[in-house]
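Note that the structure is predicted; figures quoted are calculated from it, not measured. Numbers for residues simply follow the sequence, beginning at 1.
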Amino acid sequence: MGLIQWLKGQFLCHLVICYGFFVSGLLINLLQICTLPLWPINKQLARRINCKLGYSLTSQSVALLEWWSGTEVTLYTDPENYRLYGKENAIVVLNHNFEIDFLCGWTFCDRFGVLGASKCLAKKELSYLPVIGWMWYFLEMVFIKRKWEEDKRNFVQSLQNLRDYPENFWFLLHCEGTRFTEEKHRVSMEVAEKKSLPKLKHHLLPRTKGFWVAVQNLRGTVAAVYCCTLNFRNNETPTLLGVLNGEKYHPDLYVRRIPLESIPEDEAECSAWLHKLYQEKDKFQEDYSQTGCFPGPKVTPPCRPWALINWLGWTCLLLYPLCLLLVQLVNSGSILSILATVAFCTAVSVGGRWMIGQTEVKRSSSYGVPLNNK
């Protein structure tokens, strides 16, 4: 096991992983572009195809977490609710404290077969980026500029478009709007004091407008809100770079199912309801810090093999021509060709490291921090 762990930390392994992800992503983008003529003819078929293509890319990240690093999410939830997961549309409210919380959320989606159809809020700029951004565009993600007056109309229209979606989907929502940092928490609690709201220890104040709009526009389409609270045992501080190095983490996810009809329709009442929910989430996090576990029974959903099969399939498919090319380059002795190959590998490595850097807590957006506090 020592040798295997050592190999997982080597640059060559990381290069192969990044190469497979980027090249397969570009090929998937190309296939998604090819579905454009199908949209006006059979929109639902085009959506189903894009779900499969989206799964083929995002599941590679799930395979990296589950099979490469060996990280497995333990689920705390009511057994009665457990039977409904994956069989209904839902709004999934996640906390945003860790660098890999999005990966744990994707793993939760994959275990219940909704990863390809899962939706989330994303910055508008991401829609222009190849691989992830283009894939999300075809998956009908909700893109925003974080300027509410400009975003509201697009947000509502994007949610309305999901009302006839042909697959069961989960809409993943970080109500805090940005990742937790000490600076943002300090600013957020100053706002809580001004508004006479109870202070939170482990969360930022939730931004209620987006949640209310999502609930209102998805009524009749979404059956429930899944309130998810994530933490890691032994005070682990997981990173995406650690996952790439094969480090194993121990996440616990507490999920409560709340029927959508129990959430108030009035905006002010819905806002108060969401603040109360986050006070409850904060208490669960505080109890976890003291006991090391969440309340209720725990279960580990069965691991689906498709993410691993897809990942290995893409790796084998893309490594074969790469190996042939490298052999030809060595045999040719062309300095220019070898330099071009080195430049390509360097670009892939830099691109992969850049994407990893975007998940780091220290690189989180300044959203939620006043200009004079930057």
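In this structure, the side chain of Q60 does not engage the main chain of I17 through any donor-acceptor pair within 3.5 Å. Side chain of N217 to backbone of V213: a donor-acceptor contact under 3.5 angstrom is found. Looking at T239, its side chain does come within 3.5 Å of a backbone N or O of G242 through a donor-acceptor pair. At least one donor-acceptor pair closer than 3.5 Å links the side chain of Q44 to the backbone N or O of D164. With hydrogens and angles disregarded, no donor-acceptor distance shorter than 3.5 Å links the side chain of R207 to the backbone of G177. Proximity of a side-chain donor or acceptor of N231 to a complementary backbone N or O of P251 within less than 3.5 Å is not detected.
Linking Ile, Leu, Val, Met, Phe, Trp and Tyr residues whenever their side-chain heavy atoms come within less than 4.5 Å places L121 and L162 in a single cluster. L84 and V93 fall into different hydrophobic clusters, where Ile, Leu, Val, Met, Phe, Trp and Tyr are joined by side-chain heavy atoms under 4.5 Å apart, directly or via other members. Transitive grouping of hydrophobic side chains (ILVMFWY, heavy atoms separated by less than 4.5 Å) brings L115 and L240 into a common cluster. No path of Ile, Leu, Val, Met, Phe, Trp and Tyr side chains, each step under 4.5 Å between heavy atoms, connects L230 with F284, placing them in separate hydrophobic clusters. In this structure, L30 is not a member of the same hydrophobic cluster as V23, with clusters built from ILVMFWY side-chain heavy atoms closer than 4.5 Å.
Salt-bridge formation is detected for the pair E286/K201: a Lys NZ or Arg NE/NH1/NH2 atom is positioned less than 4.0 Å from an Asp or Glu carboxylate oxygen. Looking at E190 and K194, no side-chain N of the basic residue comes within less than 4.0 Å of a carboxylate O on the acidic one, giving no salt bridge. Using a 4.0 Å cut-off between charged nitrogen and carboxylate oxygen, E140 and K119 do not count as a salt-bridge pair.
K209 is listed as a side-chain neighbour of E267, based on a closest heavy-atom distance under 4.5 Å. Counting heavy atoms from C-beta on, the side chains of H14 and N245 come closer than 4.5 Å. Counting only heavy atoms from C-beta outward, the side chains of E265 and R219 approach each other to under 4.5 Å. At least one side-chain heavy atom of C293 sits less than 4.5 Å from a side-chain heavy atom of Y76. Using a 4.5 Å heavy-atom cutoff, the side chains of S118 and T58 are not in contact. Side-chain contact between V255 and L75 is present, with heavy atoms from C-beta onward closer than 4.5 Å. At a threshold of 4.5 Å between non-hydrogen side-chain atoms, the residues T229 and L253 do not count as touching. Two residues are said to be in side-chain contact when any heavy atoms from C-beta on lie closer than 4.5 Å; S61 and W106 meet this criterion.
F21 contributes atom CZ, which lies 12.0 Å from atom OG1 of T315 (distance to the nearest 0.5 angstrom). Rounding to the nearest 0.5 angstrom, the gap separating the CG atom in L319 from the CH2 atom in W314 is 12.5 Å. Rounding to the nearest 0.5 angstrom, the gap separating the CZ atom in R186 from the CG atom in L204 is 12.5 Å. Of the inter-residue distances, the one linking R256 atom CZ with Y226 atom OH reads 14.5 Å to the nearest 0.5 angstrom. The CE atom of M135 sits 5.0 Å away from the CG atom of L57 when rounded to the nearest 0.5 Å. With rounding to the nearest 0.5 Å, the separation of CD in Q10 from CG in L15 is 12.5 Å.
The shortest heavy-atom contact between C227 and I258 is CB-CD1, 4.2 Å. For L318 against G20, the heavy-atom pair with the smallest separation is CD1-O, 3.6 Å. A pairwise comparison of heavy atoms in W134 and N29 identifies CE3-OD1, 3.5 Å as the closest pair. Here the closest heavy-atom approach between residue A122 and residue L126 is recorded as CB-CD1, 4.2 Å. Minimum heavy-atom separation, C303 to W67: SG-CZ2, 3.6 Å. For the pair F155 and G210, the tightest heavy-atom approach, listed with the atom from each and the gap, is CE2-O, 3.4 Å.
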- Task: Step by step, work out the side-chain contact (heavy atoms from CB on, under 4.5 Å) result for L173 and F171.
- Result: CA-CA 6 Å; L173 192 60; F171 183 63; 4.0 Å; yes
- For the pair K298 and T74, evaluate side chain to side chain donor-acceptor pair (under 3.5 Å) and give the outcome as yes or no after the intermediate values. CA-CA 7 Å; K298 60 182 179 179; T74 298; over 6 Å; no
- Verdict with supporting geometry, L36 and L38, side-chain contact (heavy atoms from CB on, under 4.5 Å): CA-CA 5 Å; L36 282 173; L38 184 59; over 6 Å; no
- Apply the test side-chain contact (heavy atoms from CB on, under 4.5 Å) to residues I100 and V243: give CA-CA distance (whole Å), side-chain angles for both, the deciding distance (0.1 Å), then the verdict. CA-CA 9 Å; I100 67 167; V243 171; 4.2 Å; yes
- Message: If you apply the rule salt bridge (charged side-chain N to carboxylate O under 4.0 Å, His left out), what do you find for R47 with E167, and how did you get there?
- Response: CA-CA 9 Å; R47 285 171 145 180; E167 304 275 347; over 6 Å; no
- Show the numbers, then the answer: is there a side-chain contact (heavy atoms from CB on, under 4.5 Å) between C51 and Y165? CA-CA 11 Å; C51 278; Y165 206 75; 3.1 Å; yes
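The environment of Q290 atom CD is dense: over 12 non-hydrogen atoms of other residues, nucleotides or ligands sit within 6.0 angstrom. Atom NZ of K43 sits in a crowded spot, with more than 12 heavy atoms from other residues, nucleotides or ligands closer than 6.0 Å. The environment of D266 atom CG is dense: over 12 non-hydrogen atoms of other residues, nucleotides or ligands sit within 6.0 angstrom.
For residues 236-252, the salt bridge (Lys or Arg N to Asp or Glu O under 4.0 Å) pairs, not counting sequence neighbours, are R233-D252. Applying the ring-ring contact (aromatic ring centres under 6.0 Å, His included) test to every pair with at least one member in residues 258-277, sequence neighbours left out, gives these pairs: F211-W273.
Aromatic pair F98/F232: ring centres closer than 6.0 Å. Note: F108 and W170 meet the aromatic proximity criterion, with ring centroids under 6.0 Å apart. Between Y254 and F294, the gap from one ring centroid to the other is short of 6.0 Å.
The side-chain tip of K8 points at the ring of W68 from less than 6.0 angstrom away and within 45° of straight on. Taking the ring centre of Y55 as origin, the terminal cationic atom of K52 falls outside the region bounded by 6.0 Å and 45° from the ring axis.
Under 3.5 Å, the side chains of E176 and N95 contain no donor-acceptor pair of N or O atoms. Looking at N97 and H202, their side chains never bring a donor and an acceptor atom within 3.5 Å of each other. Side-chain atoms of E72 and T300 form no donor-acceptor pair, as typed in the model, at a separation below 3.5 Å. There is no side-chain donor-acceptor pair under 3.5 Å between N89 and T221. Side chains of N50 and T35: a donor-acceptor N/O pair is present below 3.5 angstrom, by distance only.
The one candidate from H174, H203, H185 that meets the ring pair (Phe, Tyr, Trp, His ring centres under 6.0 Å) condition with H96 is H174.
Legend: residues meeting salt bridge (Lys or Arg N to Asp or Glu O under 4.0 Å) with R257, ordered by chain and number and at least two apart, are E88.
Using cut-offs of 30° and 60° on the angle between ring planes, the pair F112 and Y85 is perpendicular.
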